[in-house]
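Just so you know, these numbers come straight off a predicted model, no measurement behind them. Just so we're on the same page: letters track the sequence lines, and every chain starts at 1.
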Protein chains: 2
Amino acid sequence: MEHVHCRLETKDLWDKFHDLGTEMIITKTGRRMFPTLRVSFSGLDPDQKYLVLMDIIPVDNKRYRYAYHRSSWLVAGKADPPLPNRYHVHPDSPFTGDQLQKQTVSFEKLKLTNNMMDKTGHVILNSMHKYQPRIHIVKKKESTPCQGSFTSLDAEEYRTFVFPESVFIAVTAYQNQLITKLKIDSNPFAKGFRDSTRLTDFDSEGQLFRLTFPLIFDRIFYD
Amino acid sequence: MEHVHCRLETKDLWDKFHDLGTEMIITKTGRRMFPTLRVSFSGLDPDQKYLVLMDIIPVDNKRYRYAYHRSSWLVAGKADPPLPNRYHVHPDSPFTGDQLQKQTVSFEKLKLTNNMMDKTGHVILNSMHKYQPRIHIVKKKESTPCQGSFTSLDAEEYRTFVFPESVFIAVTAYQNQLITKLKIDSNPFAKGFRDSTRLTDFDSEGQLFRLTFPLIFDRIFYD
DNA sequence: ATCCTTTTCACCTAAGTGTGAAAA
DNA sequence: GGTTTTCACACTTAGGTGAAAAGG
């Protein structure tokens, strides 16, 4: 697994958020992450089967608060008691190496919650704490279950990738107004709050283009 | 272009609808097609640029009506005056052959309307008429515009693919109740009408699976 | 009791979908 | 009188709002 590479496809967007200090909303019922973690791999064995996993780990042992007058995050004390870490197998796993090198893997369905009693499988985080998402790729052996539990892993069987631009602070309400603005402008699901005069245009939902002159297609091939 | 192949990725779903007699709603403001036409290509020149187009042509010169007592479609006379055919360039065009062989092309944004005055570029169809969608792949020359109008095409420059399982009758309201049921069960946007006891489960939105036992990841690679 | 911070919740936007009664 | 079309409505998921509630 030494030559495996992992690319963050959504790096540009993550960078924009990272510059402002990324915040992710966590709710009782679970909230998606935005931006989404979307990655692609290279250097895999095309015929080997792999699982792709994601988890989110605390970056430090601190609790943060937002200083409005300075528009910046300050340390506000020691972290709350840590929560049990959960690993999330991408639902399309297992992938063949061939598949993985052709398509990107998107963790758009993953949701964050502050509900410690959550039973729906969302990631449980502490509010006002700093986190780092991670991506893991695991070589699947005959015996590796795709669902269920892992018991042991040899060192050769997996690799972990960390993208520092994806660190974020979990919040129950946005603190930095610039983050709110960037979310509204870049998340298609927040369209309802955009000004009619859009300054930014991240969404790739280009209009269907129509030709005004008909083409002539006289030969039809059945396939 | 002789060796180009085109595969209908959503064939299974189309087949299910075709068995019942596919109906597509057309409205004044435009309605998406469901199932979506999603295709992939092979046999292309990786470095060549291509445009992918779709159009929808009348299958015959007939008008249909639905006989409720027999639960089947009957011919109800001659077709209404034909409407001008429009060709729709996929908004992501042009593609390189390499891109096209790695990803599938989805026409999910295309909308159908019965409004002959439509200025938004949707496909205009006659209600109660039978139609056949077609996919065209066109080799892009330096001079070929991606937007605008084509003036002429050499015979070697394109191929047209037709999937007979994608024929449908345009309607303003569903006629066959079994079609309504299948749409509700298979279109994620119609979830609100599903019984709590889902018999069918076409949507691929599998729940994220969670491991209950933590894995041990001690080696972190920055990438 | 006061004050400040953090969390919750009912509410509205948005697009896509079928409903069912009314209008053609 | 029967068939076809329209339209306001309700539902789903995802997202931010802003006032009220909860915490400390």
Side-chain angles (χ1 to χ4, degrees), chain A residues 23-36 63-69 73-74 76-77 80 108-116 125-129 169-177 179-196 203 205, chain B residues 23-36 63-69 73-74 76-77 80 108-116 125-129 169-196 198 203 205:
Chain A
E23 299 174 25
M24 293 289 171
I25 296 277
I26 55 179
T27 68
K28 207 170 185 177
T29 53
R31 192 77 137 203
R32 287 187 177 186
M33 288 174 66
F34 191 88
T36 300
R63 187 175 216 289
Y64 291 82
R65 72 179 180 85
Y66 190 72
Y68 286 90
H69 52 98
W73 286 94
L74 305 174
D80 294 340
E108 62 196 0
K109 296 279 171 62
L110 189 148
K111 287 186 176 182
L112 311 179
T113 183
N114 61 343
N115 179 12
M116 296 193 207
L125 302 178
N126 277 320
S127 188
M128 313 309 263
H129 289 59
I169 291 182
V171 295
T172 55
Y174 291 128
Q175 306 295 308
N176 181 351
Q177 291 184 322
I179 286 289
T180 311
K181 193 179 176 320
L182 187 52
K183 294 253 186 182
I184 290 174
D185 283 342
S186 51
N187 188 339
F189 286 108
K191 269 186 187 167
F193 302 96
R194 282 182 198 165
D195 300 337
S196 49
D203 74 32
E205 299 182 42
Chain B
E23 299 174 25
M24 294 288 173
I25 296 276
I26 55 180
T27 68
K28 206 170 185 175
T29 53
R31 193 74 139 204
R32 288 187 176 186
M33 287 173 67
F34 190 90
T36 299
R63 187 175 215 291
Y64 290 82
R65 71 179 184 84
Y66 190 72
Y68 286 91
H69 53 97
W73 288 93
L74 305 175
D80 295 340
E108 63 197 357
K109 296 281 171 60
L110 189 149
K111 285 186 177 181
L112 311 179
T113 184
N114 60 342
N115 179 12
M116 296 194 207
L125 303 178
N126 278 319
S127 187
M128 314 308 263
H129 288 57
I169 290 181
V171 295
T172 56
Y174 290 127
Q175 306 295 309
N176 182 350
Q177 291 185 323
L178 295 175
I179 286 289
T180 311
K181 194 181 175 318
L182 187 52
K183 295 253 185 183
I184 290 174
D185 283 342
S186 52
N187 187 338
F189 286 108
K191 268 186 185 167
F193 302 98
R194 284 185 197 164
D195 300 337
S196 51
R198 293 241 304 277
D203 74 34
E205 302 180 44

Do side-chain atoms of B/Lys183 reach the backbone of B/Phe34 as a donor and acceptor pair under 3.5 angstrom? yes
If the helix axis at each end comes from five base pairs, how far does the helix from C/dC3-D/dG24 to C/dA24-D/dT3 deviate from straight, to 10°?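 Its terminal axes enclose an angle near 30°.
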Side-chain heavy atoms of [X] within contact of [Y], under 4.5 Å:
X        : Y        : result
B/Ile26  : B/Arg31  : no
A/Val171 : A/Met24  : no
B/Tyr174 : B/Lys181 : no

With sequence neighbours left out, what residues match B/Arg63 under salt bridge (charged side-chain N to carboxylate O under 4.0 Å, His left out)? B/Asp80
Once base and sugar-phosphate atoms are separated, protein heavy atoms under 4.0 Å mark nucleotides 9-16 of chain C, 5' to 3', with B, S and - as S---SS-B
At under 4.0 Å between heavy atoms, which parts of nucleotides 19-24 of chain D does protein reach? Answer with one letter per nucleotide, 5' to 3': B base, S sugar-phosphate only, - none. ------
For [X] and [N], what is the distance between atoms [atom1] and [atom2] respectively, to the nearest whole Å?
X        : N      : atom1 : atom2 : answer
A/Lys181 : D/dT17 : NZ    : C1'   : 17 Å
A/Leu182 : D/dG16 : CG    : C1'   : 14 Å
A/His129 : C/dT6  : NE2   : C1'   : 13 Å
B/Lys183 : D/dC11 : NZ    : C1'   : 18 Å
A/Asn176 : D/dG16 : CG    : C1'   : 15 Å
A/Leu112 : C/dT7  : CG    : P     : 14 Å
B/Tyr66  : D/dG2  : OH    : P     : 19 Å
B/Leu125 : D/dT5  : CG    : P     : 12 Å

Ranking A/Arg65 and B/Tyr174 by the position along DNA chain C of their nearest nucleotide, the one closer to 5' is A/Arg65
Closest approach of [X] and [Y], non-hydrogen atoms and distance?
X        : Y        : value
B/Pro188 : B/Ser186 : CD-O, 3.4 Å
A/Leu112 : A/Met33  : CD1-CG, 3.6 Å
A/Arg194 : A/Asp185 : NH2-O, 3.4 Å

A/Ser127 side-chain N/O to C/dT7 phosphate OP1/OP2 under 4.0 Å: yes
Looking at C/dT6, I'd like to know if its phosphate oxygens (OP1 or OP2) sit under 4.0 Å from a side-chain N or O belonging to A/Asn114.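 Result: no.
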By the 4.0 Å heavy-atom rule, please label B/Thr27 as base, sugar-phosphate, or nothing.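 It contacts nothing in the nucleic acid.
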So, using side chain to side chain contact (heavy atoms under 4.5 Å, CB included) as the criterion, who are the partners of A/Phe189 when residues are at least two apart?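 Checked A/Phe189 against side chain to side chain contact (heavy atoms under 4.5 Å, CB included); matches are A/Arg32, A/Asn187.
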Taking atom CD of B/Gln177 as the centre, does the number of heavy atoms from other residues, nucleotides or ligands within less than 6.0 Å exceed 12?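 It does not: B/Gln177 CD has 12 such atoms or fewer within range.
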Taking it one step at a time, do A/Lys109 and A/Thr36 satisfy side chain to side chain contact (heavy atoms under 4.5 Å, CB included)? CA-CA 9 Å; A/Lys109 296 279 171 62; A/Thr36 300; over 6 Å; no
So, using side-chain hydrogen bond (donor to acceptor under 3.5 Å, both in side chains) as the criterion, who are the partners of A/Gln175 when residues are at least two apart? A/Tyr68
